[in-house]
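Working notes, beginning with the structure itself.
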Number of protein chains: 2
Amino acid sequence: MTTREKAATGRPRLFDEEAVLATLTALFWKQGYGQTSMSDIVESSGVHKPSLYRTFGSKEQLFALVLRRYLTERMAMFDALIDRAGPGVEGVHTFLELFERDALSARGRDGCLMVMASNELRGSIADFDFAKAYRTEMRARISRLIARTVPAGGENAELADARTDLFTTYLLGLHVIMRSDADADEIHRYLNAMHATAEQW
Amino acid sequence: MTTREKAATGRPRLFDEEAVLATLTALFWKQGYGQTSMSDIVESSGVHKPSLYRTFGSKEQLFALVLRRYLTERMAMFDALIDRAGPGVEGVHTFLELFERDALSARGRDGCLMVMASNELRGSIADFDFAKAYRTEMRARISRLIARTVPAGGENAELADARTDLFTTYLLGLHVIMRSDADADEIHRYLNAMHATAEQW
DNA sequence: CAAGTTCTGTACCAAACGGTAACATAGTGG
DNA sequence: CCACTATGTTACCGTTTGGTACAGAACTTG
C-alpha cells in the first residue's frame, strides 16, 4: 500500500503520496476531522478529488492512513527525545525540557493529533483502534524513560509502573492544555509541576 | 435569558428550557459538536427546529449555553466531591475513590464535555472562552483539595501550587483516557498511579 | 370577543457535504 | 503506432447540512 508493488503501466502519478499525507496530517491536526471538508483537503493538497478517492479510498480511510503515519512518526520523535535524555531522574528533567521546546512550537500549540482524534471520534476509525494503539505505544516509550529512575528489582517494578502511568496520563493532559490556547507561561508552569514531582523520585 | 423576565403574553412554551439543555448536554457529550446535527437535536429533544432557533439562537449559541450549564454543574460536582473528601493526604485518596466511581459510570466513559470541546473546537465558541474558563475554575477546586496536604507557610505555597498543577493536568489526561474505550481495569490502574504519588506527599 | 403576541409545526431553502461518471491525457508493452 | 492501463480534470450526483417563511394555534389584555 505504501510503495508501488506492480510495475507502473499507466500514466504516472503527478503527486507524491507521502508528501500529500504529510500535508494533510498538518491540516487535520490543526482543524480536526469533522471540521475538515474534502474541499479543504483538495485545496490544501493540490490533488483533485477523484485522484484522492482512487488513491486513499474515502475520507475516513484517508484519515486512518494519516493517523497511522502520525503514530509512527510521533513515536519516533518520542524515541529520539528519550534517547537524548540521559539516565536517572536527570534524564526525566532533560526530557521535559526537550519536550517544552516542541510544545512551544507552532505544531505544539495544536496538541496531539491522536488525543484530538480520540476525543472527537472515540476509539477507532476504519478498522484502526488508534486510541488503544496510541496509549500502548506511548506508555511503552515512557516506561523506558522512567525505568531509569528506579533501581532494578522485583518490588521496584511496581513503583516504576505507577510512575509510568502517572507520567503518561500527565502528558495526555498536557496535550489538552497545549491545544487550548494556553500561553507559554502557562505551559511552562504545568511542565514545572512535573519537574517538581520528579525531584522527589 | 434563563428565566422569564417579561410577563408572558403569547402562547406558552410546551417544553422546559432547562430539561432540553440537560438532554442536549448528554447528546453533545456523547457525540461531540460536529457529529451532532440539528436533526439529531430535534429528535433527541422532541422540540421542533423553529422553536429551538427562536429560543437558543443558533447551533453554536445553543452549544455555548450547554457548555456554560455543564461548567457550573461540573464544578458543583467537584465541590461536592472535595467537600466529602476529608482533610490531609487521606482526602486526596478519598477524592480519587469517589472520582473512580463516577469515572466507571456510563457518563464517565464519555470523559469530559469541556475537554472534548476544547479539542474539537479549540478555545472559544460564540464569545465564550470556555477552555480557559474550565482550566481556571477546575484548578481553583483542585487547589482547595491539595492545600490540605501541605502545612500553611510561605515556602509551602510553591509546593502546593506544583502539586495542584500536576493534579489538574493529570485529571485532564484521565478524561482523555476515560473517553477512549479504556476498560475498568485500565482506568483503575491509571487512578492507582495518582494514589501512589499522593502517598509520598 | 377582538386585538395583540408568542409558540408550534409543516414545508421549504440555498449551500455544502462526501463521493463518482465520463472523458481527455500520458505513459508502457507488443 | 496501436492497444492497454492508470492517471488528471471537469462536471455532476443525491443527501444532508444549518437555518427560515408562513400559517395556524394558544394564551393575555382591553
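In this text, all values refer to a predicted model and were calculated from it rather than measured experimentally. Order of the sequence lines sets the chain letters (A, B, ...), proteins ahead of strands, with each chain counted from 1.
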(request) State which residues pass ring pair (Phe, Tyr, Trp, His ring centres under 6.0 Å) with B/Phe99; sequence neighbours excluded, sorted by chain then number. (result) B/His175
(message) If I take atom CZ in residue A/Arg54 and atom P in nucleotide D/dT10, what distance separates them, rounded to the nearest angstrom?
(response) 14 Å
(message) Tell me whether the side-chain N/O atoms of A/Tyr53 come closer than 4.0 Å to OP1 or OP2 in C/dT20.
(response) no
(request) Using the ring-ring contact (aromatic ring centres under 6.0 Å, His included) rule, collect all pairs that involve residues 69-93 of chain A, keeping only residues at least two apart or in two chains. (result) A/Trp29-A/Tyr70, A/His93-A/His195
(request) Could you work out which one of D/dT20, C/dA26, C/dT5 sits closest to the side chain of B/Thr9? (result) C/dT5
(request) Identify which one of B/Leu21, B/Leu24, B/Leu27 satisfies the side chain to side chain contact (heavy atoms under 4.5 Å, CB included) criterion when paired with B/Ser45. (result) B/Leu24
(request) Please collect all ring-ring contact (aromatic ring centres under 6.0 Å, His included) contacts where either partner lies in residues 111-134 of chain B, sequence neighbours excluded, each pair once. (result) none
(request) Check the distance between C/dG27's P and A/Arg11's CZ and give it to me in whole angstrom. (result) 7 Å
(request) To the nearest Å, give me how far apart CD (A/Glu60) and P (C/dG18) are. (result) 12 Å
(request) For A/Glu137, enumerate each residue passing the salt bridge (charged side-chain N to carboxylate O under 4.0 Å, His left out) test, keeping only those at least two apart in sequence or located in another chain. (result) A/Arg141
(message) At less than 3.5 Å, do the side-chain atoms of A/Arg13 and the base atoms of D/dT7 form a donor-acceptor pair?
(response) no
(request) Whole angstrom is fine here: how far is it from NZ in A/Lys59 over to C1' in C/dA16? (result) 12 Å
(message) How many whole angstroms separate atom CZ of A/Phe56 from atom P of C/dT20?
(response) 16 Å
(message) Holding to ring pair (Phe, Tyr, Trp, His ring centres under 6.0 Å), I want the full list of residues that pass it with B/His48, two or more places apart in sequence or in another chain.
(response) none
(message) Distance check needed: D/dG18 P versus B/Ile125 CD1, whole Å only.
(response) 12 Å
(request) For DNA chain C, find the residues of residues 31-52 of chain B with a heavy-atom distance under 4.0 Å and give them by number; none if there aren't any. (result) B/His48, B/Pro50, B/Ser51
